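Down below is the structure, laid out as structure tokens.
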Amino acid sequence: MKTTGRPVISATGLFTPAESITNEELVAAFNAYVDKHNAEHADAIAAGAIVPLEHSSVEFIEKASGIKARYVLNKAPIIDPDVMEPRHRERSNDELSLMAEIGVAACQQALERAGRDPADVDAVLCAASNMQRPYPAMAIEIQQALGIEGFGFDMNVACSSATFGIQTAADYIRAGNARSVLVVSPEITSGHLNWRDRDSHFIFGDVATAVLVEDVAIAPAEHWDIVGTKLKTVFSNNIRNNFGFLNRAHPESHGSDDKLFVQEGRKVFKEVVPMVAQMIVDESERLGIEPTTLRRLWLHQANTGMNRLIAHRVLGHEANEDESPTVLDTYANTSSAGSIIAFHRHSQDLVPGDTGLICSFGAGYSAGTVFVRKAG
Ligand code: COA
């Protein structure tokens, strides 16, 4: 079949775990852990040798972030004050790995929605903040499970992984190197979160999303034209995770907090909001789109305050839920999947000709914009 080199989004898919943790359940577990820790170290605390841990609060979490609950793949150990981390059964090499399993589920939905036979997909990009293992690539396992020929590889750009994946897929289409590319983002963020850290224990949740990027020549009649994509990175230590293969066996590594997600939340807030707002405005201008006419913003889901400020700067007024939908209340921050969940769940009501923006931002720093227009 003839190709056009014009990339579109044919369909999206979403996998949501069965279990969810409310703020109340999370805080109860955290505070039980704090009480136990302080009781066990009562003498050292009394002597001033260590400072007591402080309780977390449901009110703080909701006010600071907009998060009310988060889905997780393995709830019980996370809210057990003696464990407070996910514990997954180690699977044999002959079984589909956990990350591939949820990625496949999201991909299957995207393929079904597009009416696409997996045999006609050319490539799988697994774009996520954390990979379950270094190799073989998660993308290749997902490719094999779906029965896709061609190729697959993993890419990690933290919270911007999905939009970086979409631009990469779009570039394959533009160059004529592929006609159909799956961008899958299985985000098992419960594994990199320090559930004992009061400042961040409420932030993340688990999910998987998939985006099918295709040449318009083979896309279903109802699709989203990709009007333009833009990526940006600026190095920062303000969101960092030092876990890696070089420190695996280091004696100081065990239990060390910096081998999990660590952030300077206030600095991130202050530095990323203006950077992203400016990027959106500049890119709108380049594409000849008046930002105030954007019908909907599907922003990265990290924090309602950040989204409120970015949307205000772009639209010129306080955005309502229709203009800038949030999924933070039920999903929390799902890293790169957040803006895709928002798009997946809140795009059906738009009409042909409506233009919107999928936008991610996060560690790196990294940011990505994907302007889309409904067609069909
Ligand atoms: N429960 C109750 N109080 C808490 C708390 C908790 N779980 N965690 C922190 N606090 C307290 C702090 O001790 C501090 O008290 P103080 O003012 O008496 O010192 C106060 O709340 C404010 O703490 P701070 O960490 O500055 O909170 P914040 O208002 O900046 O909100 C974030 C924290 C993380 C929600 C916010 O900085 C943020 O969203 N940043 C954006 C970055 C982001 O989301 N990144 C994710 C990766 S993209």
Side-chain angles (χ1 to χ4, degrees), residues 21-35 37 51-70 79 84 128-130 156-164 185 187 189-207 232-241 257 260-277 279 299-311 326-329 331-342 359-368:
I21 301 175
T22 64
N23 283 346
E24 286 75 12
E25 291 172 309
L26 184 80
V27 167
F30 182 90
N31 290 349
Y33 151 73
V34 165
D35 292 342
H37 174 276
V51 286
L53 297 178
E54 290 178 68
H55 277 184
S56 182
S57 103
V58 171
E59 296 69 34
F60 170 84
I61 294 171
E62 206 169 316
K63 193 161 158 286
S65 69
I67 296 164
K68 295 180 184 164
R70 68 285 297 142
I79 55 166
M84 293 187 77
S129 286
N130 295 279
N156 173 359
V157 202
C159 288
S160 285
S161 299
T163 54
F164 276 59
S185 302
E187 290 285 10
T189 60
S190 55
H192 80 165
L193 180 56
N194 183 353
W195 296 89
R196 293 189 178 86
D197 175 41
R198 178 173 177 259
D199 286 349
S200 63
H201 75 115
F202 53 89
I203 289 182
F204 288 108
D206 298 338
V207 81
K232 185 178 172 76
T233 50
V234 180
F235 185 71
S236 168
N237 279 321
N238 290 331
I239 311 172
R240 189 161 172 134
N241 183 339
D257 291 350
L260 293 164
F261 168 90
V262 181
Q263 78 165 346
E264 295 277 351
R266 289 249 163 132
K267 285 188 189 161
V268 173
F269 200 110
K270 267 199 204 137
E271 292 170 8
V272 170
V273 167
M275 180 182 107
V276 171
M279 182 180 171
L299 298 179
H300 173 49
Q301 303 283 315
N303 179 285
T304 42
M306 289 177 98
N307 287 9
R308 191 166 41 80
L309 290 172
I310 292 170
T326 178
V327 300
L328 267 171
D329 50 346
Y331 281 87
N333 182 343
T334 50
S335 194
S336 76
S339 57
I340 307 300
I341 305 173
C359 177
S360 68
F361 40 88
Y365 296 133
S366 59

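Just so it is clear, the values below take in all heavy atoms, side chains as well, and ignore hydrogens, waters and symmetry mates. Heads up: numbering here begins at 1 and tracks the sequence. Owing to the predicted nature of the structure, the values given are computational and were not obtained by experimental measurement. Numbering of ligands and ligand atoms starts at 1, following listing order.
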Check: [Y] and [X] side chains under 4.5 Å, non-hydrogen atoms:
X	Y	value
Gln301	Thr326	yes
Trp195	Leu26	yes
Phe60	Phe202	yes

Where does [X] meet ligand 1, judged by heavy-atom distances below 4.0 Å: at the side chain, the backbone, both, or neither?
X	answer
Ser56	both
Asn333	side chain
Glu54	neither

> Aromatic rings Phe261 and His192: how do their planes relate, parallel, tilted or perpendicular, breaks at 30° and 60°?
Replying inline: tilted

>> Show, in sequence, the C-alpha distance, side-chain angles and deciding distance for Lys232 and Met275, and conclude whether the side chain to side chain contact (heavy atoms under 4.5 Å, CB included) test is met.
In response: CA-CA 10 Å; Lys232 185 178 172 76; Met275 180 182 107; 3.9 Å; yes

What protein heavy atom sits nearest [atom], and how far off is it?
atom	result
atom 44 (O) of ligand 1	Ala302 CB, 3.7 Å
atom 30 (O) of ligand 1	Arg266 NE, 2.9 Å
atom 36 (C) of ligand 1	Asn303 ND2, 4.1 Å
atom 31 (O) of ligand 1	Ala64 CB, 3.8 Å
atom 12 (C) of ligand 1	Arg198 NH1, 3.9 Å
atom 33 (C) of ligand 1	Phe60 CZ, 4.4 Å
atom 43 (C) of ligand 1	Gln263 OE1, 3.3 Å

> Is atom 10 (N) of ligand 1 close to the protein, meaning a heavy atom under 4.0 Å from it?
Replying inline: yes

> Short check: is a protein heavy atom less than 4.0 Å from atom 14 (C) of ligand 1?
Replying inline: no

>> Quick one, Glu187 with Ser336, criterion side chain to side chain donor-acceptor pair (under 3.5 Å). Give me CA distance, side-chain angles, the key distance, then yes/no.
In response: CA-CA 7 Å; Glu187 290 285 10; Ser336 76; 2.7 Å; yes

Would [X] count as being in polar contact with ligand 1, using the rule that some N or O on each side must be under 3.5 angstrom apart?
X	answer
Gly265	yes
Ser57	yes
His55	no

>> For Lys267 versus Tyr365, what's the shortest heavy-atom pair and its separation?
In response: O-OH, 4.0 Å

Can you check whether [Y]'s main-chain N or O pairs, donor with acceptor, with [X]'s side chain at less than 3.5 Å?
X	Y	result
Ser160	Ser366	yes
Asn333	Asn303	no
Asn156	Ser161	no

> With a 4.0 Å cut-off on heavy atoms, does Glu59 reach ligand 1?
Replying inline: no

